[in-house]
Every structure is written in structure tokens, then in C-alpha cells.
Amino acid sequence: MDYYKIIEKIYQDTQNCFGKGKVSSYIPPLAGIDGKKYGIAIRTVTGEEYKIGDADEPFSIQSISKVFALTYVFHQLGNKVWKRVGREPSSNQFNSIIELEKDNGIPRNPFINAGALVITDMLCELHKKPKVSLLNYVQKLAQNPNIYINEEVAKAEAEFGYRNAAVANFLKSSDNLTNPIKTVLDTYFHQCSIEMSCIDLCRACLFLANNGHSIDNEQVLGFRPNKKINSLMMVCGLYNEAGNFAWRVGLPGKSGIGGGIVAIVPGKLAITVWSPELNKNGNSYVGFKALELFTTLTKESIF
Ligand code: GLN
């Protein structure tokens, strides 16, 4: 398959999709990002890489970090994770608190903010320096020691993180956070502020396509837990729009409000698209369209 030709065609055919979404206004450093940024990258399990546009430029990975945090704690804790977080899709926005109260403080899944905060709490239980441990973990997965946390973004997340603070307080009152709220929020905001390029993300997530094996052939996860992360991405990775993503794209995926979406073709490859203009659910407008075109052109979908 000539993946370069395919991403080149996608890149051209989606140029008329700009201007339909809106760059996130969640925090000033994200609101200032150029909405015309656009990159696509692919890494195959056999080691080939393809990229176009701004695929080498680091951007704020935001909620894509939830995949790394989950993989890290799931590997360490196994099925204990599911005593405190569910595995079902959510029907509200990613930062909603409504379902959490109905579900007695057990978040629906690890990819909405409430669930991610519980996972971050577990990370804080397992590591003395959770921010450093997670960053090192991601650097190793991507084989790039230059991956960094943008402190300006982390600071703004803390300054404007009213909703996350509300969710964390609710979790604490439901006995579903063991660490101080301040510690969990600080760690979570830093994890969201990791910056990576499309190619970094493809390399770091390749294990999901490769039976749990990273690009340096280390076993990150066994076959079964790896399958489980993929299935969670399928049903929850794009929050309350996961159904639409399955319908239009048909791959496990994870998005972030920085405009990135990573998608996995099991057994074959990881693909990442970055385009910061978001649709109303906080998912990249152009990224969504690009991935839809990808599975249409290649016929590489899990369905
Ligand atoms: N940092 C953002 C938040 O906590 C991440 C959300 C996202 O990328 N969807 O709300």
C-alpha cells in the first residue's frame, strides 16, 4: 500500500474543511494556536513511516495522554483498576459531572476527565514522582528523550481548571481519590500538557497495533490487556462521539482538545492527525474527516 500517496490525497482533499471547526478556547495558550496547522503521520508495525504537513511539530496532546496513563497503571495494577473506573461509553461531554453523581462516584470510563483523574490518582499512588515517571514512560515509548511538558499550558490548566477541580472534589467526596486533590490535579494538568508531534504519537502508540510491542520491540502490554485498551478506545476514545467515530472511521481512536487524534489499525499501523479546529464535541474537525477518508481509501477498518 502506498501510504504516502494516500495521506497526500487526504491532505489535499480536506483543504476545504478548514474554517468549519473552532480552535479550543479552554485556556489561553491553546486558544492562541494557529488553526491552519495540519499534519498527518503513519508508522507501520514493519517500521515504515510516512508524514505530511506539520507532522514533526509538537502540539499539546491533552486527552491523548489518558491512553498513556491508563496503559501505565493497567500494566502495574491489572484488573484492580476496574474497581474504581468503569468501561462503558459516556453520553455527555468529556468534562461532565452529571453521570458521575448518578454512578455514585465511579466514572464511566478512563477517557472522560473523571475517569482520567482516578487513573492519575493511581499513578500518584504507584510513583513518588508521577509527572516525571509518566513523561519518561512516554519518551521511552516514542524513543524521543526531547518530549517535554509545556509548563505554561499546565499553569493555565490549573488557573482555569474549575470543572476538573469540581470533578476531583466530587470523586474525593465519593472516596474515589486517595491522594490530596491538589496532587492529583497538578499531576493531571501536567500530563495533559505533554507536547508531542504526530510522528512521536504514532511511534508511542504503535504497541497498540503491534500486539503490545513497542517500536524497540519491548512488551508494553500482553495480548489481552492490549486488546482491552484498543476496545476502550473504540467505545470511549472520542467521548460522546465514539459512536460517530466508529460509524465514520471504524478504528479505535483517541482525541484531545489540542486537535490531535490517534487511530489504530490493529496488526498494521498507528496513524495520527493534528488539526486544532474542533467540532462541538471537542474533536478535531479536519482530523475526523481525514481519518474517515483514510479508511475509505485504504479499506483498512476493523469492520
Ligand atoms: N486538559 C483538558 C481537560 O482536562 C483535556 C480535555 C481533552 O483533551 N478533551 O479538560
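The residues of the chain are indexed from 1 along the displayed sequence. Numbering of ligands and ligand atoms starts at 1, following listing order.
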Using the ring of each side chain (for Trp, its six-membered ring), is His127 parallel, tilted or perpendicular to Tyr72, with breaks at 30° and 60°? tilted

Check if Asn95 has a non-hydrogen atom at a distance under 4.0 Å from any atom of ligand 1. no

So, Ser214 and Asp216: side-chain donor and acceptor under 3.5 Å apart, yes or no? yes

For ligand 1, which atoms sit closer than 4.0 Å to a heavy atom of Gln62? 1 (N), 2 (C), 5 (C), 8 (O)

Which atoms from ligand 1 have a heavy atom of Asn164 less than 4.0 Å away? 3 (C), 4 (O), 10 (O)

Under 4.0 Å from a heavy atom of Cys192: which atoms of ligand 1 are those, numbered in the order shown and with their elements? 1 (N)

Is there any N or O on Ser63 that sits under 3.5 Å from an N or O of ligand 1? yes

Heavy-atom distances under 4.0 Å are what count here, so tell me which part of Asn113 touches ligand 1: side chain, backbone, both or neither. side chain

Taking atom types as modelled, is there a side-chain donor on Glu157 or Gln191 under 3.5 Å from an acceptor on the other? no

Can the ring centres of Phe68 and Tyr137 be said to be less than 6.0 Å apart? no

Which ligand 1 atoms, with their elements, are less than 4.0 angstrom from a heavy-atom of Tyr239? 7 (C), 8 (O), 9 (N)

Using distance alone, with no hydrogens and no angle criterion, decide if Tyr239 and Lys254 have a side-chain donor and acceptor under 3.5 Å apart. yes

State the atoms of ligand 1, each with its element, that fall below the 4.0 Å cut-off from a heavy-atom position in Tyr188. 3 (C), 4 (O), 5 (C)

Ligand 1 atoms nearer than 4.0 angstrom to some heavy atom of Gly256 are 8 (O)

For Glu157, take its heavy atoms, then give the atoms of ligand 1 lying under 4.0 Å from any of them. 1 (N), 2 (C)

Just say parallel, tilted or perpendicular for the rings of Phe74 and Trp82, cut-offs at 30° and 60°. perpendicular

Answer yes or no: is there a side-chain heavy-atom contact under 4.5 Å between Asn179 and Glu125? yes

